[in-house]
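The figures here come from the full heavy-atom set of this structure, side chains too, leaving out hydrogens, waters and symmetry mates. Just so we're on the same page: letters track the sequence lines, and every chain starts at 1.
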Amino acid sequence: MKKKALYGMLLTVISISCIILSCGGNADNGDKDTGGADGARWVIGMSQCNLGEPWRVQMNADIRKAAEAHPEIRVVFKDAQNDNLRQRSHVEEFVRTGVDLLIISPKEAAPLTAPVAEAHKKGIPVIVLDRRVLGEDYTVFIGADNRKIGRAAGEWIARRLDGRGRVVELKGLMTSTPGQDRHTGFIEGIRGSALEIIFEADMKWLEPAARQEMESALARFDRIDLVYAHNDPGAHGAWLAARAAGRESDILFVGIDALPQEGQVYVQRGVLAASFEYPTGGAEAIETALKILNGEQVPKEITLPSRVFTPGNIEQGGEWLENR
Amino acid sequence: MSLDPGRSRLGRYLASPAVRALAALVVVFALGLLFNADGAFLKWGTHRDMFRQVAVYGILSCGMTLVIITGGIDLSVGSILALNAVLFSLFSIHLGWPPALVVAACIAAGTALGAVSGGLISRFGIQPFIATLAMMVFARGLAKQVSGGQKVSTAVQQADGAYRYVETPGIFDFLNSKVLGDNIAVVTLVMLICLALSWVVLEKLRWGRYLYAIGGSEEAARLSGVPVGGVKVLAYALSGLFCALAGICQAAQELQGDPEAGTAYELSAIAIVVIGGTSLRGGRGGVGLTLLGILTIGYLEKILSINAVGEQSRLMLTGAIIIIAVLFQKRQS
């Protein structure tokens with residue numbers, strides 16, 4: 001028995017060291033540094049709520065890329081793996097190690113308001129990215145507006161279909177605010193047109209679920225003009241279902257997010273008729289951080305502009321949506 | 001099941017797990033006929049799509065059946081699926097390996113991870129729940145590590161950061177297509193082959209009898225000369241093999257390898273096996289029952305989907321129907 005325990009312990013130690021060693025060589029996941037060597041003047045702590053979503057991986061990549069151009073800053077990343085309390089302790093760790101500035105993309109407002117406020121009161125400038133915290137105890141909020149993007153998508157779709165047609169809406173998780181806002185905005189956008197939503201389902205942001213729901217829509221309706229999905233994987237899943245049924249050329253597919261390796265590629269390939277960008281704000285966060293660190297004034301709130309990508313404009317880098 | 005000599009043959013027949021599982025399926029199917037969503041349930045295409053949709057779960061539940069028959073459980077199937085979806089995409093899209101080599105490499109990876117779980121269970125006496133829980137977390141991490149946290153798709157990043165779109169390898173299109181006059185998805189065929197393989201293992205091979213023996217009583221099996229450790233490793237290794245095939249099918253249908261794929265699939269696989277009537281205590285059950293479980297869960301999801309039932313009601317109904325099906329299975333007349 002003792003021998004077994006010894007074996008087990010040895011195995012554990014070896015495997016843990018292997019994992020740590022192998023992580024050292026990798027540039028992405030986990031709690032990692034980037035930027036210049038130790039010549040950096042300022043250290044920025046970046047607390048990401050979840051790296052399980054491609055969009056958030058892209059946000060970190062955008063921050064890393066923007067930071068690389070500035071040797072005077074060094075960014076330390078932490079991933080809270082979708083856990084409020086873990087993110088809370090990450091913020092506290094950053095405060096304790098004395099970062100010069102904190103960027104946080106919080107998982108939820110209520111549980112993270114207090115730690116963010118505490119950091120801010122201790123004199124650490126805080127940039128809140130994408131999702132909000134409650135109250136005013138932060139330096140600047142940077143984010144895009146899902147409702148505006150949903151409305152722009154609705155208006156674009158109404159124009160594209162000349163005001164009439166049969167639409168399938170594949171929603172993101174409707175218990176999440178992005179899902180609700182992308183739906184509400186869309187309804188506002190198509191108001192006054194003769195568009196008819198013939199089938200709606202919650203695909204929970206997941207491509208396989210979207211494909212499954214679209215198969216059901218295809219089985220029920222012989223004519224579908226357009227699919228509006230709350231994210232690009234959803235639109236792609238719907239396209240896969242339509243292609244399997246040989247009906248992909250009769251239907252237009254519209255998605256949201258327009259990540260460079262995802263939505264933009266789908267548009268380029270003609271799979272999607274349009275994808276609406278939901279910007280990560282990573283580059284803007286670093287830009288704002290530098291302003292704050294250099295003592296410049298910044299506004300309390302920055303709303304990120306968004307672009308629409310269509311096969312017609314993708315080569316020119318999309319088209320900016322007008323600010324409304 | 002008590003073998004009451006006074007009970008009629010019909011009574012015994014009705015009490016068999018297969019008949020009970022079939023009854024649950026018939027009830028779900030009848031619900032489909034009742035709520036046919038303007039006739040959508042009556043179209044063949046709907047059933048063909050259901051068979052496609054349930055294929056990945058079905059493949060996973062083949063391995064789950066083998067493991068549960070030994071009295072164990074495998075929580076790592078969803079994560080090993082994700083790892084293989086990533087590996088499959090990486091090898092075939094980014095490295096351009098020939099299909100046979102890619103499939104072989106994935107099968108080797110899946111089987112190896114399954115065997116490690118089995119080894120931890122038989123060599124170190126770790127509870128299956130704990131060993132496969134650890135493997136579930138580990139394999140998910142490995143999938144994220146290998147993929148760099150991104151989906152591995154046909155959009156390949158170049159040195160300058162721009163994305164270049166490469167053609168989907170033929171094996172993706174093949175697995176994602178339908179054959180026999182467009183009547184059956186290739187992934188459905190893969191599932192049927194997996195079911196057949198599991199059936200052969202369980203019913204025709206000596207090792208299959210060993211799986212039942214261990215599930216019935218591990219001590220008795222050991223005393224009668226069954227190589228308990230080896231058989232357990234085999235069960236989990238086979239489960240890993242099926243995870244690899246499921247991962248390949250998942251990636252082929254999504255045209256990408258998603259390191260987040262398969263989250264909570266282990267729960268669906270367990271539900272399928274249990275609804276079929278394979279006992280979680282081990283020693284009893286079979287792959288035929290699992291097929292009935294696959295159809296029950298598959299039709300249930302399809303019926304809720306074509307009727308566009310809201311997510312809240314869908315979750316509640318699924319939970320309720322799983323309980324009813326299991327109670328159906330448990331009731332002894």
Margin query: Just verifying a value: how many Å separate B/Asn176 CG and A/Arg243 CZ, rounded to the nearest 0.5 Å?
Written below: 6.0 Å
Item checked: Validation row: B/Lys151, A/Pro233 side chains within 4.5 angstrom (heavy atoms) -> yes
Note to self: Counting only non-hydrogen atoms closer than 4.5 Å, does A/Gln268 touch chain B with its backbone (N, CA, C, O), its side chain (CB onward), both, or neither?
What the structure shows: neither
Note to self: Under a 4.0 Å threshold between the charged nitrogen and the carboxylate oxygen, would A/Arg211 count as salt-bridged to B/Glu254?
What the structure shows: no
Next item on the list: Answer with side chain, backbone, both or neither: which region of B/Ser153 has an atom nearer than 4.5 Å to a non-hydrogen atom of chain A?
Entry: side chain
Check: Taking atom OG of B/Ser305 and atom CE of A/Met203, what is their separation to the nearest 0.5 Å?
Finding: 13.0 Å
Item checked: Lys/Arg-Asp/Glu bridge criterion (N-O < 4.0 Å) met for B/Glu167, A/Arg269 -> yes
Check: So with a 6.0 Å cut-off around CZ of A/Phe221, is the heavy-atom count from everything else above 12?
Finding: yes
Notebook entry, point to check: How far apart are the closest heavy atoms of A/Ala245 and B/Lys178, and which atoms are they?
Noted result: N-NZ, 4.3 Å
Check: With only heavy atoms counted, which part of A/Glu213 is less than 4.5 Å from chain B, the side chain, the backbone, both or neither?
Finding: both
Check: Taking side chain as C-beta onward, heavy atoms only, is A/Leu240 less than 4.5 Å from B/Gln253?
Finding: no
Notebook entry, point to check: With respect to chain B, which residue among A/Gln212, A/Gln264, A/Glu262 yields the maximal number of heavy-atom pairs within a distance under 4.5 Å?
Noted result: A/Gln212
Notebook entry, point to check: Any idea which of B/Gln250, B/Met50, B/Gln53 has the most non-hydrogen atom pairs under 4.5 angstrom with chain A?
Noted result: B/Gln53
Next item on the list: Walk me through it: do B/Asp49 and A/Leu218 pass the test side-chain contact (heavy atoms from CB on, under 4.5 Å)?
Entry: CA-CA 11 Å; B/Asp49 292 346; A/Leu218 289 164; over 6 Å; no
Item checked: Side chain, backbone, both or neither of B/Gln312 within contact of chain A (heavy atoms, under 4.5 Å) -> neither
Check: Charged N to carboxylate O below 4.0 Å: is that the case for A/Lys171 and B/Glu311?
Finding: no
Check: Is chain A contacted by the side chain of B/Asn307, its backbone, both, or neither, given a heavy-atom distance below 4.5 Å?
Finding: backbone
Margin query: Heavy-atom pairs under 4.5 Å with chain A - which of B/Lys43, B/Glu260, B/Arg48 has more of them than the others?
Written below: B/Glu260
Check: Could you give the distance from CD (A/Glu215) to NZ (B/Lys302), rounded to the nearest 0.5 Å?
Finding: 4.5 Å
Item checked: Engaged part of A/Lys204 at the chain B interface, taking heavy atoms whose separation is under 4.5 Å -> side chain
Notebook entry, point to check: What closest approach, in Å, do B/Ala40 and A/Ala219 show between heavy atoms, and which atom pair accounts for it?
Noted result: CB-O, 3.9 Å
Checklist line | Validation row: A/Asp202, B/Arg314 side chains within 4.5 angstrom (heavy atoms) | finding: no
Check: Which pair of non-hydrogen atoms, one from B/Ala308 and one from A/Glu200, has the smallest distance, and what is that distance?
Finding: CB-O, 4.0 Å
Checklist line | Closest non-hydrogen atom pair, A/Phe199 against B/Ile306 | finding: CE1-O, 4.1 Å
